[in-house]
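Okay, structure first, notes after.
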Amino acid sequence: MGGKAEDQQSPLLRSCSSPEEPLERTAESGSLSRASRASSIVTLIYVVYTSIKTVVFSNKLNLLIPFGPAAILVQKLTDQSAWVFFLSLVGITPLAERLGYATE
């Protein structure tokens, strides 16, 4: 049942999901050893990075999200209402797409 999917899984995810290799604990305190803790942190960072990358770059519209904060900056720094409207419109487009996706 080991198949190719398990062979292609990244080593970080394998170390996170394999029940055969429990985390090392020290005898007196029961806390994780320094190497295991560092490995757990690296695994957590990798999983969070992969999740963010999947959500943000799964749709090219998501690259327009920085236009929202840009609209706030333009509003605070200038008196250009038309630019604020335009930047807000462009910045909210990916959020509307995400809302549509979430409600399907």
Side-chain angles (χ1 to χ4, degrees):
M1 212 167 202
K4 292 181 182 177
E6 289 179 0
D7 296 338
Q8 294 175 351
Q9 190 178 24
S10 84
L12 291 174
L13 291 178
R14 254 186 275 131
S15 68
C16 162
S17 63
S18 69
E20 300 86 38
E21 300 175 19
L23 295 174
E24 300 168 11
R25 295 187 180 271
T26 58
E28 62 261 357
S29 68
S31 63
L32 292 174
S33 69
R34 184 169 285 160
S36 295
R37 194 174 311 142
S39 175
S40 296
I41 291 171
V42 169
T43 302
L44 177 66
I45 290 171
Y46 177 77
V47 169
V48 169
Y49 169 75
T50 306
S51 298
I52 290 172
K53 187 173 80 169
T54 301
V55 170
V56 173
F57 296 115
S58 64
N59 188 351
K60 291 183 181 180
L61 276 177
N62 293 338
L63 298 175
L64 299 176
I65 288 176
F67 283 94
I72 295 170
L73 284 174
V74 169
Q75 185 215 2
K76 298 289 184 190
L77 299 176
T78 68
D79 195 24
Q80 300 291 322
S81 299
W83 277 107
V84 172
F85 177 78
F86 175 74
L87 292 172
S88 298
L89 177 71
V90 172
I92 205 167
T93 303
L95 302 176
E97 188 275 331
R98 286 281 99 185
L99 183 61
Y101 177 78
T103 56
E104 284 182 0

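Values in this document were obtained by computation on a predicted structure and should not be read as measured data.
Grouping the Ile, Leu, Val, Met, Phe, Trp and Tyr side chains by contacts below 4.5 angstrom, directly or via other members, places Ile52 apart from Ile65. A chain of hydrophobic side-chain contacts below 4.5 Å, direct or via other Ile, Leu, Val, Met, Phe, Trp or Tyr residues, connects Trp83 to Phe67. Under the 4.5 Å side-chain heavy-atom criterion for Ile, Leu, Val, Met, Phe, Trp and Tyr, Val74 and Phe86 are members of the same hydrophobic cluster.
For the atom pair Glu104 CD and Leu99 CG, the distance stands at 10.5 Å (nearest 0.5 Å). Here the straight-line distance linking atom CG of Asn62 with atom CD of Glu97 works out to 6.0 Å at 0.5 Å rounding. Rounding to the nearest 0.5 angstrom, the gap separating the CG atom in Leu95 from the CD1 atom in Ile92 is 6.0 Å.
For Leu64, the CG atom sits in a packed shell: over 12 heavy atoms of surrounding residues, nucleotides or ligands are nearer than 6.0 Å.
With contacts defined as side-chain heavy-atom distances shorter than 4.5 Å, the pair Pro69/Leu73 does not qualify.
Screening Thr43, Ile41, Val42 for a side-chain contact (heavy atoms from CB on, under 4.5 Å) with Ser39, the sole residue that qualifies is Thr43.
The side chain to side chain contact (heavy atoms under 4.5 Å, CB included) check on Thr50 picks up Tyr46, Thr54, with sequence neighbours excluded.
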